[in-house]
Amino acid sequence: MEALLANLLTGFTVAVTPTNLALCLTGCLLGTLVGVLPGLGPTATVAMLMPVTFSLEPTGALIMLAGVFYGSQYGGSTTAILVNLPGESSSVVTCLDGHAMARQGRAGAALAIAALASLFAGTVTTTAAIALGGPAIASIALLFQSADYVAVIVLGLVAAIVLAHGSVAKAIAMIVLGIFLGLVGTDLTSGEQRYTFGIDALFDGVGFVPVAMGLFGLSEVMLNLEARAASGDLARLRDRLWPTRADVRQAAPATVRGTLLGIALGILPGGGSTIPSFAAYSLEKKLARDPARFGRGAVEGIAAPEAANNAGAQAGFIPMLALGLPPNAIMALMVGAMMIHGIQPGPQIIAKQPELFWGLVASMWIGNLMLVVLNLPMIGLWVRLIELPYRWLFPAIIVFCCIGVYSLKNAASEIVIMAVAGLVGYVLRKLDCEPAPLLLGLILGPMLEENFRRALSVSGGDFSVFVTRPISATLLAFSAVLLAIVLLPAVRRGREQLRE
C-alpha cells in the first residue's frame, strides 16, 4: 500500500504541473464537444489531434488524447438526454430513459445522475483497476514469450469478433480485412514489397491514422448528410439540478454494478464503451422488480449505462499500457501516438517510465473531476451548439480531417487514402459491418505476424510451441471456447437484438 501511495503521489506531481493541467482541460473540453456534436467521434478526433501532439512531451500528449476519449463519454449523454440524439454510440441506451425524464421536466436530475455516475465509475476504474491492476498485469506479462504474445493477440481478435454487434461472419471478415491491410508495404524481414501494386505511397504500408479518420470521420459525415441528422425536441430544465434522495437510492446500486461490468468488459479486446453500456442496461432491466419502468424514465436506466461506458472507456488503458495491446480502435491510436514519441508500450513501461504511467493515471482522476464541473454549468451552451444546422458543421469536419492527415507526411496521398477509407467505411456501415474490428486488425496484424515469425524462428519451425507452452495453450483454449460460445443460438439472438 505504501508503494501504491508513493506511486500515486508521483503521478499527481506530474499531472498537476500547469502544462499538463492545461492539456488535460483541453482534452476534456474537446472530448465533451465531440460527444455533444454528432457527426464526429473520439476516434477521428484523436486521429486528427495526433499531429498536434508531435511537438508535446509524451506524457502531456497522452494526457490530452486520453481526455478526449473519456470526455466524449460525458458529452454524449448530454444530447442523448436533452434532444434524444446520442452524440456517441455508447450513449444510445441513455436516450431511452434520459430523454423520457427530460420530457417529464426532470432533465436536470437526469444530467446530474449521468455526470455523477460517470465520476464514480471513473474514480473507481482509475484508482482500483488501473492503479492496482496495471502493475500486476505488467508483472505477469514479463513471463510472456513470442508464442504467448501470438496467443494474446489471437484472443484479442477473437474477443473483438465475439463482442461485435450482429453477424459473426461480418465481424470475422472485418478482422481479416484489417489484417490483410496490415500486410501491405515493405516486408521488414526480406525487404520485398507486398501488395503495393507499384504505388509509392504504399511502400511504408497503410497508415492507421488516415484509415481511422476515413472509417470513422468521413463515413459518419456521409451517413449524417444522408439521414439529415434527426432532431428531437429541446428539453427545458424546469426542475432543480440535483436528483432527489429517492433517485440516489435507486441509482447507487445500479452505478456500482455498471462500473464493475464496464471494467470487466472494457479490459477485453473489442470491448470499448458501447458494449458495456448495452450490457449494463440489459442487466438492470433483468434485475428490476418492475421492468416496465425502463424506457419511461427509470433512474437506473441512466446510471448503469453511463457508469459502464465510462468505466469501459478507461479500463481499456490497462491492456494498452501494461501489455502494449490495444483493446479497441482508440487505444490502437494511443499505441501509435506512443510509438511516434519513441515509447514502446508493454510491461516495461511502468518500471522504465513511471512518470508517464502514473502521471496518466492521476490525470484521469483529475480529468473526471474537471468534466463534472464543466458539464453541468455548460448545458445551455451545448443545446445552442446542437441547434446549429449540420450543413455548417460538416465542412469544418472535413477540413480538419484533411489538415490533420496531410500534416502527417506532408503528402496528398494520405488524403487520398483517407477518402478511400471514408467511402469503404460508408459502404461497410450501410452493410451493417462495424469498422472498429477492421482498424483493430490493421494494428494487431503486423504484431501478430512479427511474433508468429519470431516464435517459429526460436522453435526451429516447430508449430507445437503454441500448444506446449502453458500460457499460450491456455489462451488459445480460451479463444476456442469464446468462438464456440458465440455460435450458440441464444448468443446469436442476443447479438441481433443488440444490433437492433
Side-chain angles (χ1 to χ4, degrees), residues 41 43-54 153 157 160 170 172-223 326 329-330 332-342 397-431 433-454:
T43 307
T45 305
V46 169
M48 283 191 294
L49 288 175
M50 283 185 64
V52 179
T53 65
F54 294 167
I153 295 171
L157 296 176
K170 291 178 180 179
I172 295 175
M174 291 299 97
I175 290 287
V176 173
L177 179 58
I179 292 175
F180 279 137
L181 284 177
L183 297 177
V184 174
T186 303
D187 184 355
L188 296 179
T189 303
S190 64
E192 295 291 331
Q193 302 295 327
R194 302 187 302 187
Y195 311 113
T196 60
F197 304 102
I199 302 174
D200 294 346
L202 298 179
F203 285 178
D204 292 332
V206 179
F208 60 88
V209 174
V211 171
M213 294 172 71
L215 287 177
F216 295 94
L218 295 187
S219 65
E220 189 69 24
V221 168
M222 296 178 195
L223 290 170
I330 296 182
L333 292 175
M334 297 285 284
V335 169
M338 296 175 73
M339 290 180 175
I340 289 172
H341 283 279
I397 295 172
I398 294 176
V399 168
F400 285 134
C401 286
C402 291
I403 293 173
V405 167
Y406 183 81
S407 62
L408 289 174
K409 297 180 179 179
N410 293 328
S413 58
E414 296 295 290
I415 298 178
V416 175
I417 293 175
M418 179 186 68
V420 172
L423 291 173
V424 171
Y426 171 78
V427 173
L428 293 178
R429 299 277 288 276
K430 297 294 287 185
L431 295 175
C433 296
E434 289 190 65
L438 188 155
L439 188 60
L440 199 62
L442 174 61
I443 296 296
L444 293 181
M447 298 170 62
L448 177 63
E449 180 190 17
E450 178 184 355
N451 285 283
F452 184 79
R453 283 182 167 185
R454 187 179 300 156

With a 3.5 Å distance limit and no angle check, can you tell me whether Thr196 reaches the backbone of Phe203 through a side-chain donor-acceptor pair? no
The criterion is side chain to side chain contact (heavy atoms under 4.5 Å, CB included); which residues satisfy it with Val416, sequence neighbours excluded? Val420
How far does CG of Leu448 sit from CG of Leu157, to the nearest 0.5 angstrom? 6.5 Å
Qualifying residues under side chain to side chain donor-acceptor pair (under 3.5 Å), relative to Ser413, sequence neighbours excluded: none
Is there a side-chain contact between Leu438 and Leu181, using heavy atoms and a 4.5 Å cut-off? yes
Does a donor on one side chain and an acceptor on the other come within less than 3.5 Å for Gln193 and Thr186? yes
Closest non-hydrogen atoms of Ala421 and Pro210, given as atom of the first, atom of the second and distance, are CB-O, 4.2 Å
Which salt bridge (charged side-chain N to carboxylate O under 4.0 Å, His left out) pairs, counting each pair once, include a residue from residues 417-430, with sequence neighbours left out? Glu220-Arg429, Glu226-Lys430
How long is the gap from CG on Leu177 to CG on Leu428, to the nearest 0.5 Å? 7.5 Å
Ignoring hydrogens, what is the shortest heavy-atom contact between Gly425 and Ser219? Give both atom names and the distance. C-CB, 3.6 Å
For Arg454, give me all partners under salt bridge (Lys or Arg N to Asp or Glu O under 4.0 Å), at least two apart in sequence or on another chain. Glu450
Test of understanding: with side chain to side chain contact (heavy atoms under 4.5 Å, CB included), list the residues that count as partners of Val427, not counting sequence neighbours. Leu431
How would you list, by chain and number, every residue that makes a side chain to side chain contact (heavy atoms under 4.5 Å, CB included) with Leu183, sequence neighbours excluded? Phe180, Arg194, Tyr195, Glu449
Closest heavy-atom pair and its distance - Pro446, Gly441: CD-O, 4.4 Å
From CE (Met418) to CG (Leu423), nearest 0.5 Å: 10.5 Å
